[in-house]
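All ligand and atom numbering here is 1-based and tracks the order in the structure. The chain is numbered in sequence order, starting from 1.
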Amino acid sequence: MKKILVIYYSQSGQVKDIIKSVLSDAENDKNIRIDYLKIEPEEEYPFPWKPSSKFYDVFPESVKSVDCRLKALIVNNSEQYDLIILGLQVWYLSPSIPISSFLKSEEAKNILHNKPVITIYGTRNMWVSANKTVKYLIKNTGGYLVGNIVFSDKHHNLISVITIVRWLINGKKEASKIFPNAGVSFDDIKNASKFKKPVITALYNSKFDNLQTELLKLNAVNIEYHIMKTELTGKRIFNIWADLILKKSKNNPSKRKNLLKLFTYYLFFVIYVISPFASLIFRIKRLLLPRKTEKELLKNTSL
Ligand SMILES: Cc1cc2nc3c(=O)[nH]c(=O)nc-3n(C[C@H](O)[C@H](O)[C@H](O)COP(=O)(O)O)c2cc1C
């Protein structure tokens, strides 16, 4: 019998729905056992994020990868698993705090050591920087990445900013008269079952070398150049803001509150005023330099 351990964190359950769809009827295969393990912070983050200040308050710790305390994970004999699937999401261009806290824990080392790992993301549309950190953290556990599947919101960047804030802060996921549904589309979640075949074939053959190539043929990773470049630029600026907030407001909650407010204004200014121009420049570069930009895409998105 082949055994899969799915480890995930998800506030809304979106990532779990995605993974369930990826594995689809493998659950009924009597030669496969799938166990689910949810990462749980000792103090859960609010969902929806009310008051909204809580949503912005996790910014510095997300970017600088400051751990939260997690409840102990109970895994009986982690040696028995043939494959680990990690379900995750991005907070402020970084792995969410529960995910990075888990990946840095001793428990992660025990569970992932020497195991093939597939990462499955449920994000808005900016995951490349987080993925770099996740790859590094998985390597540090002794696990090895054999696949990456990314699900994101395919609506226009400026629209999905509005719908995700509406969902995460106001709890309204469904479409309104003006805006579409927030998050990964229902169709994309349903169609995720197309990834089952390569994953299960690799699992049965205990041969994962070719898995990512097979997953890519099914569009497991879809990213537009201008989104990636906007994100990579954003991550550099996020690092500066996060350092500044953590340094300047140590033991001073009211200063932290003010700096976070300033950061929030800055964030929306950059998204709606600066990023459209930057995007345009990156789109032109993509058209003019297809080979060079393709290389950049590959370099930043490969395993
Ligand atoms: C605090 C916070 C920051 C986020 N930042 C990003 C981001 O930088 N890039 C992105 O693609 N999605 C971002 N998201 C969306 C999440 O990646 C994810 O899609 C959404 O929160 C649903 O995840 P869930 O599975 O925990 O419900 C953010 C979400 C939260 C809560």
Side-chain angles (χ1 to χ4, degrees), residues 6-22 36 38-41 44-66 68 85-102 119-134 149-173 181-185 188-189 192 221-224 227-228 230-239 241-242 260 263-264 267-268 270-271 275 301:
V6 175
I7 307 174
Y8 70 100
Y9 174 73
S10 184
Q11 291 194 295
S12 66
Q14 175 176 262
V15 170
K16 190 173 184 194
D17 289 346
I18 290 171
I19 295 173
K20 286 217 160 228
S21 180
V22 169
Y36 286 85
K38 186 173 182 191
I39 295 168
E40 289 179 279
E44 190 45 281
Y45 294 92
F47 188 79
W49 293 74
K50 274 191 175 146
S52 60
S53 54
K54 293 202 172 180
F55 180 80
Y56 303 107
D57 191 52
V58 292
F59 164 74
E61 283 74 14
S62 302
V63 174
K64 300 316 291 183
S65 195
V66 179
C68 67
I85 294 181
L86 182 66
L88 68 164
Q89 58 292 109
V90 177
W91 289 0
Y92 295 109
L93 312 182
S94 317
S96 68
I97 297 176
I99 287 292
S100 58
S101 306
F102 164 69
T119 42
I120 300 186
Y121 285 84
T123 70
R124 186 175 72 84
N125 64 3
M126 294 192 173
W127 53 272
V128 172
S129 317
N131 191 44
K132 286 185 185 184
T133 310
V134 168
I149 314 178
V150 181
F151 292 83
S152 44
D153 184 335
K154 292 188 180 138
H155 291 103
H156 188 282
N157 187 39
L158 299 183
I159 299 288
S160 65
V161 170
I162 298 174
T163 55
I164 203 139
V165 167
R166 196 173 161 256
W167 175 29
L168 300 180
I169 296 180
N170 299 329
K172 290 182 183 146
K173 186 177 193 329
N181 252 305
V184 177
S185 79
D188 284 351
I189 296 181
V221 175
N222 249 319
I223 181 141
E224 290 182 79
I227 297 280
M228 181 190 80
T230 306
E231 171 188 343
L232 293 176
T233 313
K235 178 71 188 218
R236 285 199 290 274
I237 300 167
F238 273 17
N239 266 317
W241 270 100
L260 280 169
F263 165 72
T264 310
L267 182 66
F268 283 94
V270 165
I271 291 174
S275 83
T301 58

Determine whether the side chains of Lys235 and Ser94 contain a donor N or O and an acceptor N or O closer than 3.5 Å.
yes

Distance (rounded to the nearest 0.5 Å) between Asn181 CG and Lys172 NZ:
14.0 Å

Quick check: Met126 and ligand 1, any N/O pair under 3.5 Å apart?
yes

Protein contact to atom 6 (C) of ligand 1 [nearest heavy atom, distance to 0.1 Å]
Val90 O, 3.2 Å

Candidates Tyr121, Tyr8, Phe102 - the one meeting side chain to side chain contact (heavy atoms under 4.5 Å, CB included) with Leu88
Tyr121

Is the closest N or O pair between Leu93 and ligand 1 shorter than 3.5 Å?
yes

Protein heavy-atom partner closest to atom 26 (O) of ligand 1 - residue, atom, separation in Å:
Gln11 N, 2.8 Å

Which of these, Val63, Leu168, Ile169, has its nearest heavy atom closest to atom 21 (O) of ligand 1?
Leu168

Rounded to the nearest 0.5 Å, what separation is found between the CD atom of Gln14 and the OG1 atom of Thr123?
8.5 Å

What I want to know is whether Trp127 and ligand 1 share at least one N or O pair that is separated by under 3.5 angstrom.
no

If we number the atoms of ligand 1 from 1 as shown, the ones under 4.0 Å from a heavy atom of Thr123 are 11 (O), 17 (O), 19 (O)

Should we count NZ of Lys64 as having more than 12 external heavy atoms under 6.0 Å?
yes

Return the CD1 to NE2 distance between Ile162 and His156, rounded to the nearest 0.5 Å.
10.5 Å

Could you tell me if the ring centre of Tyr92 sits under 6.0 Å from that of Trp241?
no

Per-atom contacts of ligand 1 with Ile164, taking only distances under 4.0 Å to non-hydrogen atoms
15 (C)

For Ser101 and Cys68, indicate whether the former's side chain and the latter's backbone hold a donor-acceptor pair under 3.5 Å.
yes

Would the number of heavy atoms belonging to other residues, nucleotides or ligands and lying under 6.0 Å from NZ of Lys154 be above 12?
no

Can you sort out which atoms of ligand 1 are near Val58, meaning under 4.0 Å from one of its heavy atoms?
1 (C)

Note the single closest protein heavy atom to atom 24 (P) of ligand 1, along with its residue, its atom name and the distance in Å.
Ser10 OG, 3.4 Å

Looking only at protein heavy atoms, which one is nearest to atom 27 (O) of ligand 1, and how far off is it?
Ser12 OG, 2.4 Å

Do Tyr56 and Ile169 have side chains that approach each other closer than 4.5 Å (heavy atoms only, starting at C-beta)?
yes

Answer yes or no: does an N/O atom from Trp49 fall short of 3.5 Å to an N/O atom of ligand 1?
no

Near Val15, which atoms of ligand 1 are under 4.0 Å from a heavy atom of that residue?
25 (O)

Interatomic distance, CD1@Ile85 vs CD1@Ile149, rounded to 0.5 Å, equals 7.5 Å

Among non-hydrogen protein atoms, atom 12 (N) of ligand 1 lies closest to Arg124 N, 3.3 Å

Heavy-atom nearest neighbour in the protein, as seen from atom 5 (N) of ligand 1, with distance rounded to 0.1 Å:
Tyr92 N, 2.9 Å

Is there a heavy atom of Trp167 sitting under 4.0 angstrom from any atom of ligand 1?
yes

For Gly122, the atoms of ligand 1 under 4.0 Å from one of its heavy atoms are 17 (O), 18 (C), 19 (O)

Closest non-hydrogen protein atom to atom 2 (C) of ligand 1, residue and atom name please, with distance?
Phe55 CE1, 3.5 Å

